[in-house]
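Below, chains carry the letters A, B, ... as their sequence lines are ordered, and counting in each starts from 1.
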Number of protein chains: 2
Amino acid sequence: MAQDDFDLQDFLPYLLNQAAEASSLEFQKVYKDRYGMLRTEWRVLFHLGIYGRMSAREIGRRSKMHKTKISRAVQKLAERRFLTRTTDDNNRRMEWLDLTAQGQKAYRDLRAIAMRYDAGLSEKLTDRENAVLRQALRKLAQGG
Amino acid sequence: MAQDDFDLQDFLPYLLNQAAEASSLEFQKVYKDRYGMLRTEWRVLFHLGIYGRMSAREIGRRSKMHKTKISRAVQKLAERRFLTRTTDDNNRRMEWLDLTAQGQKAYRDLRAIAMRYDAGLSEKLTDRENAVLRQALRKLAQGG
DNA sequence: CGTTGTTAGTTACAAAATCAACCGTTAACT
DNA sequence: AGTTAACGGTTGATTTTGTAACTAACAACG
């Protein structure tokens, strides 16, 4: 009984959010239940796993997460021995973050799950939809 | 200096989230600064504005928001006289939610902004990308 | 040097989301 | 009717996030 020609399902910010939430749900269960991680935490883990050692600032630049979120995620990951922090000698404000062996292991485990999970999502879409979707999302993610 | 063939930018849950966040940012500013609303609140407002009178439960079913979020959003919107609540005579557990004149006005104002904003986002994409994107997102949003 | 500004990261406090337990009402079954 | 379960919605405690103000280290400029 629509009273209106505007449709929430066509409003991109809403639609994107619905899709994002629906499609993170199962993966969230894994990193949460199996590793007790938060979204921020697996993101930091993945940045280090994929790109190798970097600083918190650099993770922020790439992920657009706020520095306080990252700071707290790093703290927790360090407590749990998933990463180590080493202050840089030339610039003692910054720290290099490295995954420990344990961190690498968790990363590889989660990565495998992520890949399978992503493949499962892709199956819901045609090849063309997959290609165009990812392309379009990248444009939108850039912001501006 | 990737060490890895897995790319975060190809992982749909991540990519969707990046796009969702980037694309809600400016709209958020509007409903927050102009109406002091939370995301949950404009969503409730929009559901009532678009589809007309309904119960909190029905909003939850459609939006997949948790009932506590909705309950609190409804409270705030009622306090601010954007909607009224009427308990159903045949089932006194439930309430019918209706926008007040003031609520309708806020809705129409925000809807106009949303439409312009959505149009702006669409301009970043080709027609084909727009069509395929929305189609694909709807599939993903359904979950399962 | 000394002041001022910037950067990398942390902390404290307020705002919001989550989770479980809770009411009052209705439905289902005996 | 009497008991139990389910429903629609609320509340309170805890967790997580967001915002601002804060270190400590460095850089730039006089």
Side-chain angles (χ1 to χ4, degrees), chain A residues 17-18 20-22 24-25 28-29 31-33 35-45 47-48 53-80 83-98, chain B residues 17-18 20-22 24-29 31-33 35-45 47-48 53-80 83-98:
Chain A
N17 217 73
Q18 295 288 103
E21 249 168 61
S24 335
L25 224 85
Q28 180 182 29
K29 265 192 60 120
Y31 64 72
K32 209 173 167 190
D33 294 355
Y35 290 100
M37 282 189 195
L38 261 32
R39 196 165 56 177
T40 339
E41 289 161 28
W42 79 257
R43 284 188 180 183
V44 167
L45 187 84
H47 273 84
L48 297 173
R53 120 180 309 219
M54 66 175 75
S55 67
R57 178 188 171 281
E58 178 65 12
I59 295 178
R61 208 186 52 71
R62 294 190 189 230
S63 66
K64 281 162 187 154
M65 290 191 285
H66 195 271
K67 58 184 183 169
T68 61
K69 266 199 214 172
I70 298 173
S71 169
R72 291 194 258 244
V74 167
Q75 262 181 318
K76 236 181 210 167
L77 290 172
E79 275 171 26
R80 297 185 187 175
L83 58 78
T84 59
R85 354 171 69 176
T86 322
T87 42
D88 185 291
D89 282 333
N90 299 327
N91 182 353
R92 299 219 312 286
R93 286 173 296 189
M94 64 167 286
E95 293 181 324
W96 292 102
L97 307 172
D98 297 271
Chain B
N17 218 74
Q18 295 289 103
E21 249 168 60
S24 341
L25 227 88
E26 286 204 28
F27 185 61
Q28 179 182 30
K29 266 190 63 118
Y31 62 73
K32 208 174 166 184
D33 293 356
Y35 289 100
M37 281 188 196
L38 261 32
R39 195 165 57 176
T40 339
E41 288 160 30
W42 79 257
R43 284 189 180 183
V44 167
L45 187 84
H47 273 86
L48 296 173
R53 120 181 309 219
M54 65 175 76
S55 67
R57 178 188 171 281
E58 179 65 10
I59 296 179
R61 208 187 52 71
R62 293 191 190 230
S63 66
K64 282 162 189 156
M65 288 191 286
H66 195 271
K67 58 183 185 171
T68 62
K69 268 198 215 174
I70 297 173
S71 170
R72 282 169 174 134
V74 167
Q75 261 180 318
K76 240 183 207 162
L77 291 171
E79 274 170 28
R80 297 184 188 175
L83 58 79
T84 60
R85 354 172 70 177
T86 322
T87 41
D88 185 290
D89 282 334
N90 299 327
N91 182 355
R92 300 218 312 285
R93 284 172 297 187
M94 63 167 288
E95 292 181 323
W96 292 103
L97 308 173
D98 297 271

Plane angle bin for A/W42 and A/Y31 - parallel if under 30°, tilted between 30 and 60°, otherwise perpendicular: tilted
Worked check of salt bridge (charged side-chain N to carboxylate O under 4.0 Å, His left out) between B/E26 and B/K29: CA-CA 5 Å; B/E26 286 204 28; B/K29 266 190 63 118; over 6 Å; no
side-chain N/O B/R93 vs D/dG9 OP1/OP2, d < 4.0 Å: no
Rounded distance (nearest 0.5 Å) linking atom CD of A/Q75 with atom CZ of A/R80: 12.0 Å
Bounds of contact between DNA chain C and chain A, in 5' to 3' order, using a heavy-atom cut-off under 4.0 Å: C/dT6 to C/dC19
Can you give me the N/O atom pairs linking the protein to nucleotides 11-15 of chain D at distances under 3.5 Å, or say none if there are none?
from, atom 1, to, atom 2, distance (Å)
D/dT11, OP2, B/Q75, NE2, 2.9
D/dG12, N7, B/R72, NH2, 3.0
D/dG12, O6, B/R72, NH1, 3.2
D/dG12, O6, B/R72, NH2, 2.9

Gap between atoms CG and C1', on B/N91 and D/dA6 respectively (whole Å): 12 Å
Any B/R85 side-chain nitrogen or oxygen under 4.0 Å from OP1 or OP2 of D/dT10: yes
Pairs satisfying salt bridge (charged side-chain N to carboxylate O under 4.0 Å, His left out), at least one member in residues 63-75 of chain A, at least two apart: none
A/K67 or A/R39, whichever maps to the more 5' nucleotide of DNA chain D: A/R39
Toward the 5' end of DNA chain D, by each residue's nearest nucleotide, A/H66 or A/N90: A/H66
Which residue lies more 5' along DNA chain C, comparing B/R92 with B/K76 via nearest heavy atoms: B/K76
Smallest separation among heavy atoms of A/G36 and A/E41, with atom names: O-OE1, 3.9 Å
Where B/L97 and B/R85 come nearest, the two heavy atoms and their spacing: CD2-CB, 4.1 Å
Nearest heavy atoms of A/R62 and B/Q18, plus distance in Å: O-NE2, 4.5 Å
Criterion salt bridge (charged side-chain N to carboxylate O under 4.0 Å, His left out) on B/E79 and B/K76, from CA distance to verdict: CA-CA 5 Å; B/E79 274 170 28; B/K76 240 183 207 162; over 6 Å; no
Spacing between B/E95 atom CD and D/dC7 atom P, to the nearest angstrom: 19 Å
D/dG18 OP1/OP2 closer than 4.0 Å to side-chain N/O of A/K69: yes
Gap between atoms CG and P, on B/D88 and D/dC7 respectively (whole Å): 17 Å
N or O in side chain of B/K32 less than 4.0 angstrom from D/dT19 OP1/OP2: yes
Distance-minimising heavy-atom pair for B/L77 and B/V44: CD1-CG1, 3.6 Å
Distance in angstrom units between B/Q28 CD and D/dT17 C1', rounded: 12 Å
